[in-house]
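All chains are named by letter (A, B, ...) in the order of the sequence lines, taking the proteins before the strands, and each is independently numbered beginning at 1.
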Amino acid sequence: MLTLRQIRESRNEVIERLAVKNFDAEKMVAAIIDLDDQRKTMQVKLDNNLAEQNSIAKQVGNLFKEGKTEEGNAAKQRVADLKEESKEMGLQLAETEKKLNDALVLLPNLPHASVPKGKTPADNLEIRSGGKMPQLSASAVPHWDLAKNYDIIDFELGVKITGSGFPVYKGKGAKLQRALINFFLDENVAAGYGEVMPPLMVNADSAYGTGQLPDKEGQMYYVNADDFYMIPTAEVPVTNIFRDVIVQASSLPIRLTAYTPCFRREAGSYGKDVRGLNRLHQFDKVEIVQVQHPEKSYESLDEMVKHVEGILNKLELPYRIIRLCGGDMSFASALTYDFEVYSAAQQKWLEVSSVSNFESFQANRLMLRYKEEGDKKNQLAHTLNGSSLALPRIVASLLENNQVDGGIRIPKALQSYCGFEMIE
RNA sequence: GGAGAGAUGGCCGAGUGGUCGAAGGCGCACGCCUGGAAAGUGUGUAAGCUCCAAAAGGGCUUCAUGGGUUCGAAUCCCAUUCUCUCCGCCA
């Protein structure tokens, strides 16, 4: 969430920039500042009240020791009265704070100055593209047919075991999953990311910390008996490593990578977009996360974009990099680049990675701060994350683009990980 | 799952009703000492909110979390969470 300081000090800028996200913030900002004013007034009154209670309470003991029973009793009564008052004040303050916080979490992050205006994906800005578009023969088929023909992914079997969107990978299909995960992790580690393997379920505090709660609750699988949420992305557990953490500025940037399965209910999804591997309830993804100094977070964003691009090049997939417009960006992001690969038989671009700078938006909720040498006040750090990469659509594209008569060719970079060169 | 013990600052650890945001130690920072370092020595060393134009300084909150008793709670009571030990079960 945005800081009150940001909102108070640059009120007009906040409103103008949120307009790029097609968000009319004017009324909400006014309400927030009003609530904050109320909060401060109440806070001061309550603090003064408590201060008086404390100072009287300190005298009571002595009064009785000195035999001033009457004064002692009067002091006791005074404290009791003050306590009654402050209880009421405390309730009001808590209510105001709740209203303030409820309003604050509804404000999206400010988009970066480079974010294009726009409402739909059509307004996104293509930054660059790479890779060679494949020339498929007339007999080329989409990946769900290939998966069946070569018996490497069984969608129906997954339906039997669990439900739709939970495929079973078999044989070389399973091996390919494992190969991709290892390949991505190795690439990330080589680029300076520390590998972590986090829990796949998180508690409500963590889900709140990265913004899944309160409003995206319906997108996560929820384990009722223990009040846990299945993670929709490794971003959630990995970023929460830093919840309530103060790091030394000299230790920045912190780079972490994690492989996890991801679980998404995808409520409301239907139709042809969900065919095959295009949209699953459980899928595998390797994530990269950075915690960075505010002055350097955009350098880190560029670094992450180049890194993901490098991996796509090694996979020999045709890709394009897109800077999302205000209307297509996520709530928490300040600047997002999407990576799409071309899936030649479907003749579709599929999103395989989304790399974002959240600036201090997540850090504010997480209370993730850094300590600057010689600086007394701790500052909010910047957080960034991205996928490198999400597997299913990469697999879809690999299968479709590399199909030849009698098999599917495995790109060179993956062959040593797979242990085979062809799926036949 | 059953029985018991516990949770204090970056870490260790003292503290059983007021003088405790909290002894002592470690760590860290700065200074002295040294040719330089180690050792020694001195000083400092939590976070959030808030008052003040700002700094200096002040107030409030925080000793797992939430509630309660009391004029006053780290300290007493209740609930919850977590950790450890033993037993049971088990990859």
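Nucleotides of RNA chain B nearest to A:Asp47 and A:Met367 differ in position, and the one nearer the 5' end is that of A:Met367. Nearer the 5' end of RNA chain B, as judged by each residue's closest nucleotide, is the contact made by A:Lys40, out of A:Val60 and A:Lys40.
Nucleotides B:C30 and B:A47 have their C1' atoms positioned 23 Å apart, rounded to a whole Å. Spacing of C1' atoms, B:C63 relative to B:C11, comes out at 16 Å, to the nearest Å. When the P atom is compared between B:G10 and B:G6, the two are found 24 Å apart, to the nearest whole Å. When the P atom is compared between B:C71 and B:C51, the two are found 32 Å apart, to the nearest whole Å. Atom name C1', nucleotides B:C82 and B:G17: the rounded distance is 27 Å, in whole Å. B:A56 and B:G40 have their P atoms separated by 34 Å, with the value rounded to a whole Å. The gap from the C1' atom of B:A74 to that of B:G13 amounts to 14 Å, rounded to the nearest Å. B:G15 and B:G72 are spaced 26 Å apart, taking the P atom of each and rounding to whole Å.
An OP1 or OP2 oxygen of B:U61 is reached within less than 4.0 angstrom by a side-chain nitrogen or oxygen of A:Asn54. Within the structure, a side-chain polar atom (N or O) of A:Asn378 is placed less than 4.0 Å from OP1 or OP2 of B:A47. Taking only side-chain nitrogens and oxygens, A:Lys371 comes nearer than 4.0 Å to OP1 or OP2 of B:A47.
Here A:Ala75 lies out of heavy-atom contact (under 4.0 Å) with every strand. A:Asn48 comes within contact range of no nucleotide atom at all, as no heavy-atom separation falls under 4.0 Å. Here A:Arg39 lies in heavy-atom contact (under 4.0 Å) with sugar-phosphate atoms only.
Taking the six-membered ring where the residue is Trp, the centroids of A:Tyr222 and A:Tyr229 are separated by under 6.0 Å. Here the two rings, on A:Phe331 and A:Phe361, have centers that are under 6.0 Å apart. With ring centers used as reference points, A:Tyr298 lies under 6.0 Å from A:His112. Outside the 6.0 Å centre-distance limit, the rings of A:Phe263 and A:His281 are not counted as a close aromatic pair.
With a cut-off of 3.5 Å on both pairing distances, B:U75 has no Watson-Crick or G-U wobble partner at all. Of all nucleotides present, only B:C12 satisfies the Watson-Crick or G-U wobble test against B:G24, with each distance under 3.5 Å. Under the Watson-Crick and G-U wobble criteria, each requiring two contacts below 3.5 Å, nucleotide B:G35 is left unpaired. Pair assignment for B:A29: B:U43, on the basis of Watson-Crick or G-U wobble contacts that are both within less than 3.5 Å. Here B:C49 sits opposite B:G59 as a Watson-Crick or G-U wobble pair (both hydrogen-bonding atom distances under 3.5 Å). B:G6 is paired with B:C82 under the criterion used here, namely a Watson-Crick or G-U wobble arrangement in which both key atom distances are under 3.5 Å. The partner of B:G88 is absent, by the rule that a Watson-Crick or G-U pair needs both atom distances under 3.5 Å.
In the set B:U70, B:C60, B:U50, the nucleotide with an atom closest to the side chain of A:Val44 is B:U50. With distances taken from any side-chain atom of A:Arg369 to the nucleotides B:C60, B:G68, B:G48, the minimum falls on B:G48. The side chain of A:Lys83 lies closest to B:G72, out of B:A47, B:G72, B:U50. The side chain of A:Lys87 lies closest to B:G68, out of B:U61, B:G68, B:C71.
Going from atom CZ of A:Arg5 over to atom C1' of B:U50 covers 14 Å, rounded to whole Å. The CD1 atom of A:Ile56 sits 16 Å away from the P atom of B:G59 (whole-angstrom rounding). The separation between A:Asp205 atom CG and B:U65 atom P is 13 Å, rounded to whole Å. Rounded to whole angstrom, the span from the CD atom of A:Gln43 across to the P atom of B:G58 amounts to 19 Å. Between the CD atom of A:Gln77 and the C1' atom of B:U70 there is a distance of 14 Å, rounded to whole Å. Taking atom CG of residue A:Asn73 and atom P of nucleotide B:G72, one finds them 14 Å apart after rounding to whole Å. One interatomic measurement links the two molecules: CZ of A:Arg243 to P of B:A64, which rounds to 18 Å at whole-angstrom precision. Residue A:Ile246 contributes atom CD1, which lies 6 Å from atom P of B:A47 at whole-angstrom precision.
Side-chain contact between A:Glu303 and A:Gln290 is present, with at least one heavy-atom pair separated by less than 4.5 Å.
The two atoms that bring A:Ile231 and A:Pro261 nearest to each other are CD1-O, 3.8 Å, heavy atoms only.
Counting distance only, with no hydrogens placed and no angle test, the side-chain atoms of A:Lys45 and the base atoms of B:U50 include no donor-acceptor pair under 3.5 Å.
When only modelled atom types and interatomic distance are considered, A:Ser300 and A:Ser297 share no side-chain donor-acceptor pair under 3.5 Å.
For the pair A:Arg264 and A:Phe283, the NZ or CZ position fails the cation-pi test of under 6.0 Å to the six-membered ring centre and within 45 degrees of the ring normal.
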